[in-house]
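Indexing begins at 1, ligand by ligand and atom by atom, following the structure's order. Remember, predicted model here, so these are calculated numbers, not experimental data. Note that the numbering runs from 1 along the sequence shown for the chain.
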Amino acid sequence: MSLNLARHYLFPIAIAMSLAACQQSSSDHSGNAQEQVKRPASDYLSQPLVTDMYTADPSAHVWNGKIYVYPSHDIDGPTPEDDLGSHFEMRDYHVLSMDKIGGPVTVGPVALDVKDVAWADKQMWAPDAAYKNGTYYLYFPAKDKEGAFRIGVATSKDPMGPFKAQPQPIKGSYSIDPSVFTDDDGQSYMYFGGIWGGQLQRNIDGKYDPNGSKTDLAQDDKPALAPRVAKLTGDMLEFTETPRAVQIVDDKGKPLLGGDHDRRFFEASWMHKYQGKYYFSYSTGDTHYLAYAIGDSPYGPFTYKGRIMDPVEGWTTHHSIVEWGGKWWLFYADTQLSGQTRLRNVKVTELHYRPNGSIETINPFVKNGAKDAAAH
Ligand code: FUB
């Protein structure tokens with residue numbers, strides 16, 4: 001079995017849930033557990049930022065010199081694991097804050113609960129946040145009453161919340177994983193999308209097709225499904241335009257193909273700017289890499305450049321990149337505390353650029369690296 005297939009079908013799930021114990025196990029993708037070896041904390045490159053709740057998909061921002069992290073709040077729900085992520089049953093958000101990297105982390109109270117979002121039914125997945133003119137904006141995906149993912153926005157005067165949701169999702173929004181980038185000229189853009197359970201393939205023309213493909217376009221030799229980008233209005237509450245496809249191309253300018261699972265977009269968009277260039281980064285999903293591509297405009301096209309991080313422990317990988325204290329930081333998540341993909345914990349580690357602007361690939365383990373992770 002290839003390393004990638006091994007990662008796909010043999011991923012961790014816990015036998016006994018305990019925050020203290022690092023009991024590891026593996027399962028096929030439908031959640032049939034087998035016992036696995038336990039990994040000492042010293043094997044991991046960094047340690048969980050929070051240990052009294054499960055957190056994932058960390059979107060980090062620096063406001064007034066302080067670091068705020070907007071993560072998903074993982075819970076142990078009853079739904080069995082499947083390829084559509086039905087086991088990610090999150091119902092609320094809590095914001096994390098810290099004065100410095102490595103310092104104590106404050107966990108905020110509930111910042112937004114699904115019961116207070118009129119249009120949303122369930123599955124509050126990976127959020128992001130933005131700031132403009134004294135207001136903080138929380139962007140979040142959730143399934144509506146018809147089972148379609150939409151993206152909502154909620155506002156607060158405090159970065160920790162509580163946030164008050166708009167009564168309707170953002171008009172023209174669909175799929176998951178919103179990520180909002182504000183350029184030097186003050187214009188904000190939302191990047192979003194995710195295939196498989198993220199439903200991008202069921203929204204080809206912007207209209208949700210409940211009977212669409214469960215995975216992707218199922219056309220390996222055609223361009224892969226592209227993430228989406230749309231400019232936000234001045235009040236940050238709507239799109240100014242119909243979302244456009246974000247092209248990710250190879251070094252010959254050809255779009256990455258659907259069958260190129262090691263490089264094509266799956267979910268977890270993030271945009272940051274470094275030395276005047278736009279860095280679009282994302283997860284390759286079923287091959288478990290954090291990848292990046294560079295462009296000259298927030299709309300792209302972006303040329304694939306490589307991997308930011310090798311596979312972490314757990315099926316999903318989702319990150320953010322932020323500058324703080326004159327250094328660059330990668331926020332990410334794995335399953336160190338629980339051993340279960342549905343119960344993740346966020347982490348942070350430093351990210352390094354080479355003089356030519358490329359990013360050094362990070363190994364999330366101190367020893368043995370991705371090769372070892374693939375066995376789980
Ligand atoms: O946390 C739920 C989903 O899993 C996120 O939206 C994806 O990015 C993946 O991390």
field: Residue portion contacting ligand 1 (non-hydrogen atoms closer than 4.0 Å) for R344
entry: side chain

- prompt: Think R228 forms a cation-pi with Y191, using NZ or CZ under 6.0 Å from the six-ring centre and within 45 degrees of its axis?
  reply: no

query: Taking distance alone, with no angle check, do H318 and ligand 1 share an N/O pair under 3.5 Å?
result: yes

Starting from [atom], find the nearest protein heavy-atom neighbour and note its residue, name and distance.
| atom | answer |
| --- | --- |
| atom 3 (C) of ligand 1 | W125 CE3, 3.7 Å |
| atom 1 (O) of ligand 1 | D57 OD2, 2.5 Å |
| atom 9 (C) of ligand 1 | E267 OE2, 3.3 Å |

field: Ion pair check, R91 and D113, cut-off under 4.0 Å
entry: no

message: For R202, is there an ion pair with D209 - N to carboxylate O distance below 4.0 angstrom?
response: no

query: So which of T317, I176, D177 gets nearest to atom 6 (O) of ligand 1, if we judge by its closest heavy atom?
result: D177

query: What atoms of ligand 1 come within less than 4.0 Å of a heavy atom belonging to M90?
result: 1 (O), 2 (C)

task: Determine, using heavy atoms of Q123 and all atoms of ligand 1, whether some pair is separated by less than 4.0 Å.
output: no

field: T135 versus K157, side-chain donor and acceptor atoms under 3.5 Å
entry: yes

query: Side chains of K273 and Y278: is there a donor and an acceptor less than 3.5 Å apart?
result: yes

- request: Go through D83 and K214 one step at a time and tell me if the salt bridge (charged side-chain N to carboxylate O under 4.0 Å, His left out) criterion holds.
  value: CA-CA 8 Å; D83 282 347; K214 280 197 163 162; over 6 Å; no

